[in-house]
Novice: 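Have a look at this one.
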Number of protein chains: 2
Amino acid sequence: MRIAELSERAGVPIPTIKYYLREGILPRGEPTGRNQARYGAEHVHRLRLIRALVTVGGLPITTVREVLAEVAEPGLGLHTKLGLVMRRIPLVGTDIEPEEEDRERALAFVARQGWFFYEDHPAMDALAVVLAGHREAGHPVDDASLDRYAAAIEQVARVDLDRVGDLPTSEEVLEAAAAKTVLGDTLFTVLRRLAQIDESAKRYLDEDEHRSARED
Amino acid sequence: MRIAELSERAGVPIPTIKYYLREGILPRGEPTGRNQARYGAEHVHRLRLIRALVTVGGLPITTVREVLAEVAEPGLGLHTKLGLVMRRIPLVGTDIEPEEEDRERALAFVARQGWFFYEDHPAMDALAVVLAGHREAGHPVDDASLDRYAAAIEQVARVDLDRVGDLPTSEEVLEAAAAKTVLGDTLFTVLRRLAQIDESAKRYLDEDEHRSARED
DNA sequence: CTCTCATGGGTAGCAACACTATCCATAGTG
DNA sequence: CACTATGGATAGTGTTGCTACCCATGAGAG
């Protein structure tokens, strides 16, 4: 197919497709002449993936390029490779500089959970930054809450990894992992909000009704 | 204190403070003359809160204004008010239009969990959008995974609401809830990444080591 | 009281980001 | 053979979150 059909099928405007081609996040089609190229189903799939990562996952274009390039790069074991892909996905817009105190809490936390971790992993930095952010905002997180979160999150990570492993090629595993991580972050945020609504309703809804009854 | 000291204590440059004043997300100081005003500790606190919401939570400035304005607005019961504050916090950059199928799955999901919900709540739309995103990206989420996520998230929401309720004034409760929701989204993402690393290590690290041993 | 520098307030400018629009030589198509 | 579509490049646009500059006024040092 040519660009018009690709645009049609993926639901992405032609100028945007050209932009992605320029940026190297969508591979060029197979050239069939000086100014013609043929695109395939994999281009449609890639475009839809990019759109989802950008709009739903909120990933910057440059990161999409890095992540997809890393996925395509062959070699190494699955855990190692997965780790490399994950490192590309940004976690926090660093501007807040964590104190030593925050870094120590981050380390103590993972140690307390008995989690396997790398001391210099960006996610560890990010944890320190987030703890610092809470503290600076005047709403610090206490260790007890952190530990209760951790117990729940372990379940989540188990689900995350469960279905991914049995895909045929390691490139498919990596793409699925990247997509499910990025989109899963958003999914997760949404589910948390829904669960909060439920929890808040269970705790305070009666109260509110009594209150508005009193106000009548 | 005057602006220089405020800037110093909050760690925010003077031009940025002026910008926040213009945008109405930082209240004006008490005027002491035609071009003088006095700022207090509450301004320092507010500035730090704004910085955390923007840099760690990734909230747009306009949303910060809306959220803080909503928190300051008095009246109504706590659940109702909390709901109004939460509605201000954006969940997804809508560009993907969910299919009927996605909306139905979203509704079926909350019904299956027995969660209290509002059919037209932005979080319900967001869930449909996220499900659509996964599907369009070629990595749909199955109901079984969704349900397992839900079980874990219920725990999280319980922790979220546990410590907030016993603050003295309802404005404090609301600010805390808003801050912990926004910053908590980021915290959560980071914890998930750390838990994924642990889970991936537990599953694949041995494999990787054997593999690199074979490659020696 | 005067000199100097800081302040509040406003307007304009800037860098990054994610597209869009325009242009042009060439290809495919009726 | 006319005429639209294509690939490729270069330039422009709108939004966001600041940053720089300007100016009249005010505070504080000497």
Novice: Could you check whether B:Arg192 pairs with A:Asp185 (Lys NZ or Arg NE/NH1/NH2 to Asp/Glu carboxylate O, under 4.0 Å)?
Specialist: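 A:Asp185 and B:Arg192: salt-bridged.
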
Novice: What is the distance, to the nearest angstrom, from the CE atom on A:Met1 to the P atom on D:dG7?
Specialist: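 Rounding to the nearest Å, CE of A:Met1 and P of D:dG7 are 12 Å apart.
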
Novice: Using whole Å, report how far CD1 of A:Ile17 lies from C1' of C:dT20.
Specialist: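 Rounded to the whole Å, the gap is 13 Å.
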
Novice: Without decimals, in angstroms, what is the distance between B:Tyr19 OH and C:dC14 P?
Specialist: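 Checked: the OH to P distance equals 18 Å.
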
Novice: Can you tell me how far C1' of D:dG17 sits from CG of B:Leu26, to the nearest Å?
Specialist: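 So the CG-C1' distance, B:Leu26 to D:dG17, works out to 16 Å.
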
Novice: So, is A:Thr16 close to the C:dT20 phosphate, meaning a side-chain N or O under 4.0 Å from OP1 or OP2?
Specialist: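 Yes, such a contact exists.
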
Novice: Decide yes or no on salt bridge (Lys or Arg N to Asp or Glu O under 4.0 Å) for A:Arg51 and B:Glu136, but give the supporting numbers first.
Specialist: CA-CA 9 Å; A:Arg51 290 312 299 159; B:Glu136 299 236 313; over 6 Å; no

Novice: Ignoring backbone atoms, establish whether A:Arg28 has a side-chain N or O less than 4.0 Å from OP1 or OP2 of D:dG8.
Specialist: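 Looking at the OP1 and OP2 atoms of D:dG8, one of them is under 4.0 Å from a side-chain N or O of A:Arg28.
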
Novice: Would you kindly compare B:Tyr20 and A:Pro31 by the position of their nearest DNA chain D nucleotide and give the one closer to the 5′ end?
Specialist: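 This one resolves to A:Pro31.
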
Novice: Where the side chain of A:Ile3 is concerned, which of D:dT6, C:dT20, C:dG8 is the nearest nucleotide?
Specialist: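 Out of D:dT6, C:dT20, C:dG8, the nucleotide with an atom closest to A:Ile3's side chain is D:dT6.
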
Novice: Rounded to the nearest Å, what distance is computed from the CG atom of residue A:Leu59 to the C1' atom of nucleotide C:dC17?
Specialist: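 Answer to the nearest Å: 14 Å.
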
Novice: Considering just the side-chain nitrogens and oxygens of B:Arg51, establish if one lies under 4.0 Å of OP1 or OP2 belonging to D:dG17.
Specialist: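 For D:dG17, OP1/OP2 do not have a side-chain N/O of B:Arg51 under 4.0 Å.
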
Novice: Do the side chains of A:Glu70 and A:Arg88 get close enough for a salt bridge, i.e. N-O under 4.0 angstrom?
Specialist: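 Between A:Arg88 and A:Glu70 there is a salt bridge, with a charged N closer than 4.0 Å to a carboxylate O.
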
Novice: Measuring to OP1 and OP2 of D:dT16, would you say a side-chain N or O of B:Thr62 lies under 4.0 angstrom away?
Specialist: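 Looking at the OP1 and OP2 atoms of D:dT16, neither is under 4.0 Å from any side-chain N or O of B:Thr62.
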
Novice: Between A:Gln36 and A:Pro13, name the one whose nearest nucleotide on DNA chain C is closer to the 5' end.
Specialist: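 Nearest nucleotide further toward 5': that of A:Pro13.
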
Novice: Classify the side chain of A:Lys18 versus the base of D:dG7 as yes if they form a donor-acceptor pair under 3.5 Å and no if they do not.
Specialist: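 Pair found.
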
Novice: Nearest whole angstrom, please: distance from the C1' of C:dG8 to the CG of B:Leu6.
Specialist: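 After rounding, the reported distance stands at 13 Å.
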
Novice: Using distance alone, with no hydrogens and no angle criterion, decide if B:Arg2 and B:Gln36 have a side-chain donor and acceptor under 3.5 Å apart.
Specialist: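 Yes, B:Gln36 and B:Arg2 have a side-chain donor paired with an acceptor closer than 3.5 Å.
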
Novice: Rounding to a whole Å, what distance do you find between A:Glu23:CD and C:dC17:C1'?
Specialist: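 A:Glu23 atom CD is separated from C:dC17 atom C1' by 10 Å.
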
Novice: Measure the spacing between CG of B:Leu194 and CZ of A:Phe109 and express it to the nearest 0.5 Å.
Specialist: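 Rounded to the nearest 0.5 Å, the CG-CZ separation comes to 7.0 Å.
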
Novice: Please classify the nucleic acid contact of B:Pro60 as base, sugar-phosphate, or nothing, using heavy-atom distances under 4.0 Å.
Specialist: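 Contact class for B:Pro60: sugar-phosphate only.
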
Novice: Rounded to the nearest Å, what distance is computed from the CZ atom of residue A:Arg2 to the P atom of nucleotide C:dT26?
Specialist: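 In whole Å, C:dT26 P and A:Arg2 CZ are 17 Å from each other.
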
Novice: Under 3.5 Å, is there any donor-acceptor pair linking the side chain of A:Arg22 to the base of C:dT20?
Specialist: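 Yes.
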
